[in-house]
J.: 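One structure, as structure tokens, below. Some questions next.
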Amino acid sequence: MIDPRLLRDDPDRVRAAQSKRGLSGESVDRALSADTARRTAIAEFEARRSEQKAMGKQVAAAQGEEKQALLAQVKQLAADVKALEAAQAVAEEEWTEALKAIPNIADDEAPAGGEEDYTVIEHVGTPREFDFEPRDHVELGRMLGAIDLERGAKVSGSRFYFLTGVGAQLQLALVNMAMDQARAAGFVQAAAPSLVRPRAMEGTGFLGQAADDVYRIEGEELYLVGTSEVAMAAYHADEILDPASLPLRYAAFSPCFRKEAGSHGKDTRGIWRVHWFDKVEMFVYTTVEESYAEHQRLLAWEKEFLDKLELAYRVIDTAAGDLGLSASRKFDCEAWIPSRKAYGELTSTSNCTEFQSRRLDIRTRTADGQTTPVATLNGTLTAVTRAIVAILETHQNEDGSVTVPQALRPYLGGLETLKPISA
RNA sequence: GGAGGCGUCGCCUAGUCCGGUUUAUGGCGCCCGCCUGCUAAGCGGGUUCAGGUUAAUCCCUGUCGGGGGUUCAAAUCCCCCCGCCUCCGCCA
């Protein structure tokens, strides 16, 4: 949710932000008129209510006939108050809805436009040149006994898989390496629930345009999270965080579930795009002023992790139209994926500024003691399946074996090479 | 899944049976001031959060886990939901 005062005081800035995302100013106009209607309704209700309270005291003090007369008089007042209160609630609801429909204000630095309008910030490493015909991760995973797609489909359907043998080991190794890095950097490690209430899902902005991608539990008021960002954002809901405790940094492990609605036929091969994967996610609460520097730090930690996996990647600055509802700026780290002959997103970090904290009512205090919404940021340390794809394909050898990146070896009991168990 | 108990402004707590002089007690903590050689003690005042209004203050409204209802009037009575605790059942 954007700052209602910004909307009221500087609507043109909000309109400009909308157009940067390729959206019309219609929702801005709707929110503005809803704000006016709301304030009128509040003033009317409060005036009447004040009258009623004053009369109520007279009733309490009065006796006999005088009391009966007052009662008759105040009865109409009570009916008015009730009607005005209901009207106020409706106006309030419409205002909230209108306000929530407006995406976060994109950062001035974020490129304007849609999905294709990102800017490349930097390239790290160079895509590997193969002197043999490289295999894709599906083939490598089969040879290594690491990925079982057929049985994944049998048991759970398309876009599911089993990680077996070194595949399962690789998952635990990646998770442990991510958790160790996070702990060394001062993060609090967390294991987060994957099932959350509507409040958490709604508060993080995933029940808006992204709702189609969210699994709902039938007969329950619960959703499966697509990222532990959801649980970690709601973790401090309704709290006023001690300024001295900021930044609060969490590294959360959780399974993630995505319906991938609207991506039928896209990335159907292998484990690149799946309905379930496990992830270690960084999540930070800090002040809005500090959030911009923190965003760079999150990006640096993501790069550190990718560097340790010895991958070639580029960093892109996502365009405003591709930010999603909550983010004001987003950097994606895209690793070179040999079988795709292209860069593909491995990690992503977003600065959501006050957008989520306003919805979830998470605040801190300014130097003069006033409450103010915190900023929330998130960033992927490792999304296991995509990391595995990148590692297998990048570090494969001609015989189908895979050389384990140095940094990962301690997490695999010193294993230097993953060896095929079948041709 | 069943039975019972509980939820008050940071923490503790009065008020709930029997609705109205409650603008929700009081203590601790914290903040400001007085006093004091310094500190402590003592004394006085302040101290939920949000919204409306305002240049700002004042003021007004809401807020006793959340929502709804009864009533002229609800922390107090009724209903639903959430959470915590105790016991029983089931279970990795």
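Here is the naming used below: chain letters follow the sequence lines, and residue numbers restart at 1 for every chain.
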J.: Near RNA chain B, under 4.0 Å by heavy atom, which residues of residues 5-14 of chain A?
T.: A:Arg5, A:Arg8
J.: Any side-chain heavy atom of A:Gln18 within less than 4.5 Å of one from A:Pro103?
T.: yes
J.: A:Ser50 side chain N/O closer than 4.0 Å to the phosphate oxygens (OP1, OP2) of B:U61?
T.: yes
J.: Does A:Arg363 make a side-chain N or O approach to OP1 or OP2 of B:A50 shorter than 4.0 Å?
T.: yes
J.: Does the side chain of A:Arg197 get closer than 4.0 angstrom to OP1 or OP2 of B:G83 through an N or O atom?
T.: yes
J.: Sort me out a list of protein N/O and nucleotides 74-76 of chain B N/O pairs below 3.5 Å, or just none if empty.
T.:
none

J.: Between B:G68 and B:A74, how far apart are the C1' atoms? Round to whole Å, please.
T.: 13 Å
J.: May I ask you to check whether over 12 heavy atoms, not counting those of A:Tyr235, lie within 6.0 Å of atom OH?
T.: no
J.: Any side-chain N or O of A:Lys82 below 4.0 angstrom from OP1/OP2 of B:C72?
T.: no
J.: Below 3.5 Å, does any donor atom in the side chain of A:Glu92 face an acceptor in the base of B:G51, or the other way round?
T.: no
J.: How long is the gap from CG on A:Leu325 to CG on A:Asn104, to the nearest 0.5 Å?
T.: 8.0 Å
J.: Can A:Arg273 and A:Glu260 be counted as an ion pair, charged N to O under 4.0 angstrom?
T.: yes
J.: I want to check one thing: is the phosphate of B:C72, taken as OP1 and OP2, less than 4.0 Å away from some side-chain N or O of A:Gln52?
T.: no
J.: From the list B:U53, B:G51, B:C72, which nucleotide is the closest neighbour of the side chain of A:Arg39?
T.: B:U53
J.: Taking the same atom, C1', in B:C18 and in B:U86, what whole-Å distance lies between them?
T.: 30 Å
J.: Salt bridge between A:Arg48 and A:Glu44, side-chain N to carboxylate O under 4.0 Å?
T.: no
J.: Please check if atom CZ in A:Arg8 has more than 12 non-hydrogen atoms from other residues, nucleotides or ligands closer than 6.0 Å.
T.: yes
J.: Would you write out the dot-bracket form of RNA chain B, 5' to 3', with Watson-Crick and G-U pairs under 3.5 Å, [ ] for crossing pairs, | for pairs to other strands and . for unpaired bases?
T.: ((((((((.[[[..)....(.....]]]((((((.......)))))).((((......))))..[[[[[..)....]]]]])))))))....
J.: If the C1' atom of B:C35 is compared with that of B:A41, how far apart are they to the nearest Å?
T.: 11 Å
J.: In whole angstrom, give me the gap between the C1' atoms of B:U76 and B:U25.
T.: 15 Å
J.: Counting C-beta onward and ignoring hydrogens, is there a side-chain heavy-atom pair between A:Phe45 and A:Val81 closer than 4.5 Å?
T.: yes
J.: If you draw a 6.0 Å radius around CD in A:Glu51, do more than 12 non-hydrogen atoms from other residues or ligands fall strictly inside?
T.: yes
J.: Should the pair A:Lys330-A:Asp322 be classified as a salt bridge under the 4.0 Å nitrogen-to-oxygen rule?
T.: no
J.: Does A:Thr371 make a side-chain N or O approach to OP1 or OP2 of B:A50 shorter than 4.0 Å?
T.: yes
J.: Does the structure place the NZ or CZ of A:Arg258 under 6.0 Å from the centre of the six-membered ring of A:Trp276, at an angle of no more than 45° from the ring's axis?
T.: no
J.: Using a 4.0 Å heavy-atom cut-off across all strands, classify A:Arg38 as base, sugar-phosphate, or nothing.
T.: sugar-phosphate
J.: Taking only N and O in the side chain of A:Arg48, is any of them less than 4.0 Å away from OP1 or OP2 of B:U61?
T.: no
J.: Distance check, C1' atoms only: B:C30 and B:G89, in whole angstrom units.
T.: 48 Å
J.: Is A:Glu139 salt-bridged to A:Arg142, going by a charged N under 4.0 Å from an acidic O?
T.: yes
J.: Measuring only the C1' atom in each nucleotide, how far is B:C49 from B:C64? A whole number of Å is fine.
T.: 13 Å
J.: Side chain of A:Ala78: nearest nucleotide among B:C60, B:C49, B:C72?
T.: B:C72
J.: Distance between the C1' atoms of B:U54 and B:U13, in whole angstroms?
T.: 37 Å
J.: In whole angstrom, give me the gap between the P atoms of B:C79 and B:C87.
T.: 27 Å
J.: Over 60° means perpendicular and under 30° means parallel, so tell me whether A:His236 and A:Tyr250 are parallel, tilted or perpendicular.
T.: tilted
J.: When you check the gap from the basic side-chain N to the acidic O, do A:Asp29 and A:Arg15 get nearer than 4.0 Å?
T.: yes
